Undergrad: 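Got a structure here, written out as structure tokens. Questions coming.
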Amino acid sequence: MQRGILLFLCTLVLGRTAVVYNKCRITRALNDKLLYDKRLTYMGDYFPKDYKIFVRYEEVLRCQNITSLNNQGITVEELRYLWGIINEEILIKIKKVLPDRHPSMGYIMELQKIFKELLRDDIEIQTEIIQDIMERLSRADDIGPWKSVRPKALLDNCYRVLHALYEEECNLCKPSRLMAL
């Protein structure tokens, strides 16, 4: 009986480890794609200097928003899911404004593939706050507060929140930290 329970617990631990490893592998690939030089090249240099796109207020997700939501009792899993959904939508909006042969098109499509893989597992949203945000994001109407934001700034926020949500679990390193070592 004890062996059966022990075997079950070991299997459970190994299964969880495999899931975490896969998420971290995907997260590291996303981290590599969002490094500063790539964001600057594809979202800064290849766009006109003051080019901005319109996004909903909720789509400008910063670290302070994550901290605030976390302090309100939102789980890290829900925050990760919200962050993924928001950035997937941002990539769609950026892609819509690009001509087919734009130099950034391939970069955006690669990021979309990574987010699709990261969001493959749906989670059950249990918090009312997250449900409310998801509802506002899914509305097709054009009402609501809009912001004009540079595409690079949106991906800068994406990168910072990636580190806030995954840095410890997936052992992400920022390039500036690597230089100091």
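Worth saying up front: this structure is predicted, and the values here are computed from it rather than measured.
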Undergrad: Between C63 and V161, what is the shortest heavy-atom contact and its length?
TA: N-CG2, 3.7 Å
Undergrad: So do the side chains of S104 and M43 get within less than 4.5 Å of each other, counting heavy atoms only?
TA: yes
Undergrad: Using the salt bridge (charged side-chain N to carboxylate O under 4.0 Å, His left out) criterion, which residues pair with R101? Sequence neighbours excluded.
TA: none
Undergrad: Roughly how far, to the nearest 0.5 Å, is NZ of K113 from CG of L118?
TA: 15.5 Å
Undergrad: Applying ring pair (Phe, Tyr, Trp, His ring centres under 6.0 Å), which residue pairs with at least one partner in residues 87-109 are found, sequence neighbours left out?
TA: Y42-Y107, F47-H102
Undergrad: For residues L162 and L30, report the shortest heavy-atom separation together with the two atoms involved.
TA: CD1-CD2, 4.1 Å
Undergrad: First locate atom CG of N171, then atom OG1 of T27, and finally report the distance between them rounded to the nearest 0.5 Å.
TA: 12.0 Å
Undergrad: Output all residues satisfying salt bridge (charged side-chain N to carboxylate O under 4.0 Å, His left out) with R150, sequence neighbours left out; order by chain, then residue number.
TA: none
Undergrad: I need the I108 CD1 to L155 CG distance, nearest 0.5 Å.
TA: 6.0 Å
Undergrad: Can you sort out the partners of E88 under side chain to side chain contact (heavy atoms under 4.5 Å, CB included), two or more places apart, ordered by chain and number?
TA: I85, K116, L119
Undergrad: For I94 and P151, work out which heavy atoms get closest and say how close.
TA: CD1-CB, 4.1 Å
Undergrad: Is any side-chain heavy atom of L82 less than 4.5 Å from a side-chain heavy atom of I66?
TA: no
Undergrad: Same hydrophobic cluster for I26 and L35, using side-chain heavy-atom links shorter than 4.5 Å among ILVMFWY?
TA: yes
Undergrad: Judged by atom type as modelled, is there a donor-acceptor pair below 3.5 Å linking the side chain of K95 to the main-chain atoms of M105?
TA: no
Undergrad: Suppose we screen for side chain to side chain contact (heavy atoms under 4.5 Å, CB included). Which residues come up paired with F54, at least two apart in sequence or across chains?
TA: W146, S148
Undergrad: Measure the OG1-CE distance between T127 and M134 for me, rounded to the nearest 0.5 Å.
TA: 12.0 Å
Undergrad: Under the rule for side chain to side chain contact (heavy atoms under 4.5 Å, CB included), what residues qualify as partners of Q64, not counting sequence neighbours?
TA: R62
Undergrad: Give, for atom CD of Q112 and atom CD1 of I92, the distance between the pair rounded to the nearest 0.5 Å.
TA: 6.0 Å
Undergrad: List in chain and number order the residues that pass salt bridge (charged side-chain N to carboxylate O under 4.0 Å, His left out) with E89, two or more places apart in sequence or in another chain; answer none if no residue qualifies.
TA: none
Undergrad: Do any side-chain atoms of residues 69-76 form donor-acceptor pairs under 3.5 angstrom with protein atoms, and if so which ones, sequence neighbours left out?
TA:
unit_1, atom_1, unit_2, atom_2, d
N71, ND2, T67, O, 3.3
Q72, NE2, S68, OG, 3.4
T75, OG1, E78, N, 3.1
T75, OG1, E78, OE1, 3.3

Undergrad: Is there a side-chain contact between V97 and Y51 in this structure, where contact means two heavy atoms from C-beta onward sitting under 4.5 Å apart?
TA: yes
Undergrad: Kindly state each residue pair satisfying ring pair (Phe, Tyr, Trp, His ring centres under 6.0 Å) with at least one member in residues 117-137, sequence neighbours excluded.
TA: none
Undergrad: Roughly how far, to the nearest 0.5 Å, is CD1 of I90 from CD1 of I53?
TA: 7.0 Å
Undergrad: Ion pair present between R139 and E58, side-chain N to carboxylate O less than 4.0 angstrom?
TA: no
Undergrad: Could you name each residue pair satisfying ring pair (Phe, Tyr, Trp, His ring centres under 6.0 Å) that touches residues 108-129, not counting sequence neighbours?
TA: W83-F115
Undergrad: Would you list the pairs meeting salt bridge (Lys or Arg N to Asp or Glu O under 4.0 Å) in which at least one residue belongs to residues 32-50, sequence neighbours left out?
TA: K33-E110, R39-D156
Undergrad: Go through it in stages, so that I can follow the logic: the residues are L154 and L91, the test is side chain to side chain contact (heavy atoms under 4.5 Å, CB included), and I'd like the CA-CA distance, side-chain angles, deciding distance and then a yes or no.
TA: CA-CA 9 Å; L154 292 167; L91 291 170; over 6 Å; no
Undergrad: Evaluate the side chain to side chain contact (heavy atoms under 4.5 Å, CB included) criterion for residues Y57 and R136: first the C-alpha distance (whole Å), next the side-chain angles of each, then the deciding distance (0.1 Å), finally the verdict.
TA: CA-CA 10 Å; Y57 177 77; R136 284 184 294 202; over 6 Å; no
Undergrad: Please name all residues satisfying salt bridge (charged side-chain N to carboxylate O under 4.0 Å, His left out) with K93, sequence neighbours left out, ordered by chain then number.
TA: E59
